[in-house]
Amino acid sequence: MLEAHALACGYGRRTILDNLSFTLAAGELLCLLGPNGVGKTTLFKTLLGLLPPRAGEIRLDGKATRHWPRRQFARQVGYVPQAHTPPFPFLVEDVVAMGRTAHGSLFSGPSPHDREIAGQSLETLGIAALARTSYTEISGGERQLVLIARALAQEPRILVMDEPTSNLDYGNQLKVMAHVRRIADAGRMGIVLTTHHPDHALLHASRVLAVDREKHWRIGRPDEVVSEDYLRRTYGVETEIHDIRRRDGRLARLCVPTAGTPEPS
């Protein structure tokens, strides 16, 4: 579906990531993992068409997207930013209906069909009860779910998510990541997201695109890419990665930090 082919990303004459190639199919969740300053945001801006590739190209269904009209592109690719507070107290249902903009005329309001799809998106994420609530009066976790619902209402085939758990407490991080995984499992779209948490990649990703401090990259299954050595080289911390058996019998792989852990008395 989505293909980055020999992609080089950067600003002006500066190349930040080079010769990057990967694919993303419906039903996949690709986690982009790496420290600050290695080009994750630059890659996202390139995937979204906000920056032109310095080399290579981005394709959807084998067709290069570089010169697509923005409306055509928006019908295929959705974007979920980090949570924000808008300047006006829009109702939640109106914020979600804004995701339908690419499907209507430039100056038209949401149609009954658009409202129906927006409502279905809220139902999917379990927040339909917030529909008539002001977006500025809900919690950070609820606000992030509303932004995801807005992107779902757009009905894209590719969903790009910029640190969807940023600034959320532990409980809301778990809820948002569980919803993201369920959206991918539904099989209607491919998802690529950035995260700073190795456990998000280990627990939820189909594949991981890991970038280190030298801006070298590797892509593969989480158990292949997220290793103690990668975390040591990239973040300068000691960790242990363990497989544990859940109460339902399934195995899960988790990262346990050891650097600075006090010795037991």
Side-chain angles (χ1 to χ4, degrees), residues 24-34 40 44 77-84 92-93 95-96 99 117-131 133 135 138-210 220-223 225-226 239 241-257:
L24 180 68
E28 284 193 300
L29 173 54
L30 175 65
C31 274
L32 177 55
L33 187 64
K40 300 191 301 295
F44 265 25
V77 181
Y79 174 56
V80 178
Q82 296 180 27
H84 71 295
V92 163
E93 63 182 3
V95 173
V96 176
I117 292 176
Q120 291 171 356
S121 299
L122 289 168
E123 290 278 0
T124 296
L125 295 171
I127 54 173
L130 298 177
T133 306
Y135 180 73
I138 59 179
S139 70
E142 290 169 336
R143 197 173 294 157
Q144 193 64 39
L145 290 174
V146 170
L147 293 177
I148 296 172
R150 182 180 67 180
L152 293 183
Q154 191 175 331
E155 296 185 304
R157 301 175 64 202
I158 301 294
L159 189 57
V160 179
M161 310 182 78
D162 185 7
E163 295 185 39
T165 62
S166 176
N167 302 317
L168 299 184
D169 63 28
Y170 178 68
N172 281 318
Q173 286 187 32
L174 296 183
K175 292 174 185 176
V176 168
M177 288 305 301
H179 279 299
V180 171
R181 181 66 258 180
R182 281 194 287 271
I183 293 166
D185 287 342
R188 293 190 295 272
M189 65 183 71
I191 301 174
V192 54
L193 65 82
T194 56
T195 181
H196 284 293
H197 300 284
D199 284 342
H200 291 171
L202 290 169
L203 289 170
H204 299 289
S206 308
R207 289 182 298 151
V208 177
L209 174 57
R221 296 194 318 266
D223 62 324
V225 175
V226 185
T239 61
I241 295 179
H242 295 282
D243 290 323
I244 65 168
R245 190 165 297 279
R246 307 177 195 237
R247 291 175 181 170
D248 63 4
R250 294 180 299 155
L251 283 175
R253 178 164 288 196
L254 294 172
C255 175
V256 180

Are any of the side-chain heavy atoms of [X] and [Y] separated by less than 4.5 Å?
X    : Y    : value
L122 : L130 : no
V256 : H242 : yes
R253 : P222 : no

Indicate the atoms forming the closest heavy-atom contact of [X] with [Y], along with that distance.
X    : Y    : value
A252 : L203 : CB-CD2, 4.0 Å
A151 : V80  : CB-CG2, 3.6 Å
C255 : P198 : CB-CB, 4.3 Å
V176 : I148 : CG1-CD1, 4.0 Å
L29  : A184 : CB-CB, 4.2 Å
A205 : C31  : CB-SG, 3.8 Å

Taking side chain to side chain donor-acceptor pair (under 3.5 Å) as the definition, give me every residue that meets it alongside [X], ordered by chain and number, with sequence neighbours left out.
X    : result
T194 : D162
N172 : D169
H204 : none
R246 : none

Can you sort out the partners of [X] under side-chain contact (heavy atoms from CB on, under 4.5 Å), two or more places apart, ordered by chain and number?
X    : result
D185 : R181
L251 : R245
V95  : F90, Y135, V146, R150

For [X], check salt bridge (charged side-chain N to carboxylate O under 4.0 Å, His left out) against everything at least two apart and list the hits.
X    : value
R250 : D248
E155 : R100
R182 : none

Original post:
What residues form a ring pair (Phe, Tyr, Trp, His ring centres under 6.0 Å) with H196, not counting sequence neighbours?
Top reply: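 If we apply the ring pair (Phe, Tyr, Trp, His ring centres under 6.0 Å) test to H196, skipping adjacent residues, there are no hits.
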
Spacing of [X] atom [atom1] and [Y] atom [atom2] [to the nearest 0.5 Å]:
X    : Y    : atom1 : atom2 : answer
L152 : T124 : CG    : OG1   : 6.5 Å
D223 : D243 : CG    : CG    : 8.5 Å
L168 : Q82  : CG    : CD    : 9.5 Å
L193 : L159 : CG    : CG    : 9.0 Å
K40  : E163 : NZ    : CD    : 6.5 Å
T195 : L32  : OG1   : CG    : 9.5 Å

Flag, side chain of [X] to backbone of [Y], donor-acceptor distance under 3.5 Å:
X    : Y    : value
R188 : R157 : no
D199 : L254 : no
E93  : G119 : no

Subject >> Summary of salt bridge (Lys or Arg N to Asp or Glu O under 4.0 Å) pairs that have at least one residue in residues 24-33, sequence neighbours excluded >> reply: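 As it turns out, the salt bridge (Lys or Arg N to Asp or Glu O under 4.0 Å) pairs with a partner in residues 24-33, which skip direct neighbours, are E28-R207.
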
